[in-house]
Amino acid sequence: MYTEHFDVIVIGGGPAGLAAGIYLSRSKLSTLVLNSGTVGGQLILTHEIANYPGVESTSGYSLARTMKKQATSFGAKIKTIKGIEEMDLKSDMKRIRISDEQEYTAHAVILAPGGNPRTLGVEGETEFKGRGVSYCATCDGEFFTDKEIVVVGGGNSALEEAVSLSKFASKITLLHQFDHFQAFQHAVEEVKQNEKINIRLEHVIESFYGEESLKGVKIKNLKTGEVEDFATDGAFIFIGYVPNTEFLQGCFPLNDRGEIPVDANMNTEVKGVFAAGDCIAKKYRQVTMAVGEATAAALSAAEYVHNLKQDKKQ
Amino acid sequence: MLDTNLKHIDSADAWQQFISENENTMICCGRMGPMCIPVYAAMEDLEGEYEHVKFADMEFDHPEAHVIRNAPEARGFMGLPFTMYYKNGKVVKATSSIQSEEQIREILDAEFAK
């Protein structure tokens with residue numbers, strides 16, 4: 001087993017993880033950013049970012065690339081891993097094993113694993129992804145020109161994307177599991193005024209079916225329990241995000257939504273472990289917030305490590 | 001041209017040459033959109049690790065990208081990007097829409113085992 005030690009390990013390479021990497025390495029702390037998947041996280045999925053202060057309109061991909069470059073230029077080491085096999089975050093010396101041959105230790109850990117778009121998790125969803133089931137109106141809308149589609153969700157994204165898709169599709173059925181929308185009122189009004197959009201509240205998709213591509217969905221009316229076959233060429237799913245905290249289940253304090261509770265300085269309930277970004281319990285999820293939280297987490301971690309080293313000297 | 005660090009295929013001739021001159025190839029045909037970028041990024045990450053596979057991209061809207069857009073293996077595809085895996089010039093796997101690095105790795109290991 002090869003063990004490598006760092007002052008701080010950051011788990012996650014999205015905007016929060018990279019911002020923490022920038023601040024920590026700039027403070028001359030040896031820093032390892034462990035990332036699974038693409039560096040940049042959800043940020044790279046954003047086509048245009050026009051409201052990041054100080055940066056004129058740019059793509060999420062470009063912003064993420066700059067953040068990565070900044071972090072590595074200050075000395076942070078970024079390593080892409082398949083996953084974490086075992087970890088001990090509760091001891092004073094934090095330990096993360098990524099394989100039988102490699103483990104890392106650190107005085108402090110910042111958890112910034114981000115989140116992922118939520119999927120319905122019903123039969124046929126994976127099978128028809130890219131063959132009628134989509135999670136991006138901007139990317140795939142034109143494939144559904146003059147076709148009938150369904151949109152699933154009741155938040156701002158779902159309603160805004162339904163309106164955007166009405167430029168392509170001939171008819172849209174908007175399905176939502178609750179009896180009211182969670183979106184802002186202006187978005188609800190826009191949907192209601194759109195003649196192409198038909199709203200069905202308290203309805204859910206039970207399964208997707210088709211052959212080469214999607215042919216229809218089974219829709220359940222939650223009020224009556226009735227299930228119907230609904231012919232459709234496409235289904236766009238916009239039902240929010242889930243925090244990437246599965247690897248922490250059972251071994252780290254999480255709330256009932258799988259989020260990490262933190263205080264104002266991004267301390268978790270475990271000493272020496274901090275958290276930032278879309279994985280923490282909060283109302284709003286924005287890149288600017290993830291970066292701000294990561295800054296606080298990095299400064300808290302730096303102070304923690306500094307105090308720890310001072311104590312050892314005395 | 002796509003803003004990636006991958007080799008760019010810019011014509012049907014270049015596509016033909018690329019897949020016939022290299023035993024194992026992966027071409028991602030897309031745009032600079034949210035579903036495509038993660039696939040390019042994963043390919044850039046994997047390029048160093050899979051030296052026996054050649055990676056490239058092609059603009060979906062390029063007129064000569066019909067070699068991928070209209071390929072029989074892409075029939076029924078309705079999600080960007082269209083990603084094709086070729087062995088000795090023949091399609092061995094094709095996917096539509098976003099794929100994670102882990103999913104791409106699984107395909108590379110299955111189709112292009114060393």
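First the proteins, then the strands, lettered A, B, ... as listed; each starts at 1.
Aromatic ring centroids of B:F82 and B:F60 lie under 6.0 Å apart.
Looking at A:F144, only its side chain comes within 4.5 Å of chain B, counting heavy atoms on both sides. Looking at B:E49, neither its backbone nor its side chain comes within 4.5 Å of chain A, counting heavy atoms on both sides. When heavy atoms are compared at a cutoff of 4.5 Å, A:E142 approaches chain B solely by way of its side chain, counted from C-beta outward. Proximity to chain B is absent for every atom of A:S134, based on heavy atoms less than 4.5 angstrom apart.
Between B:L6 and B:E47 there is a side-chain heavy-atom pair separated by less than 4.5 Å.
A donor-acceptor pair shorter than 3.5 Å can be found between the side chains of B:T4 and B:D57.
Heavy atoms only, all atoms of each residue included: A:V122 and A:F208 are closest at CG2-CE1, 3.5 Å.
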- CA sep, side-chain torsions, deciding dist, call: A:V151, A:L175, side chain to side chain contact (heavy atoms under 4.5 Å, CB included): CA-CA 6 Å; A:V151 171; A:L175 304 171; over 6 Å; no
- Take B:L80 and A:F143 through the test side chain to side chain contact (heavy atoms under 4.5 Å, CB included) and record every step on the way to the result. CA-CA 9 Å; B:L80 287 179; A:F143 290 111; 3.8 Å; yes
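Chain B forms more heavy-atom pairs under 4.5 Å with one residue of A:E212, A:K82, A:Q42 than with any other, namely A:E212. Contact count versus chain A (heavy atoms, under 4.5 Å) is highest, among B:A41, B:A42, B:P38, for B:P38. When the candidates B:R31, B:M78, B:R75 are compared by the number of heavy-atom contacts under 4.5 Å with chain A, B:M78 comes out ahead.
Residues satisfying the ring pair (Phe, Tyr, Trp, His ring centres under 6.0 Å) criterion with B:Y40, sequence neighbours excluded, are absent altogether.
Below 4.5 Å, heavy atoms of chain A meet heavy atoms from B:S96, B:S97, B:I98, B:Q99, B:E101, all part of residues 86-101 of chain B.
Salt bridge annotation for A:E206-A:K218: absent, with no cationic side-chain nitrogen under 4.0 angstrom from a carboxylate oxygen.
Note that the CG atom of A:L174 and the CD1 atom of A:I197 stand 6.5 Å from one another [nearest 0.5 Å].
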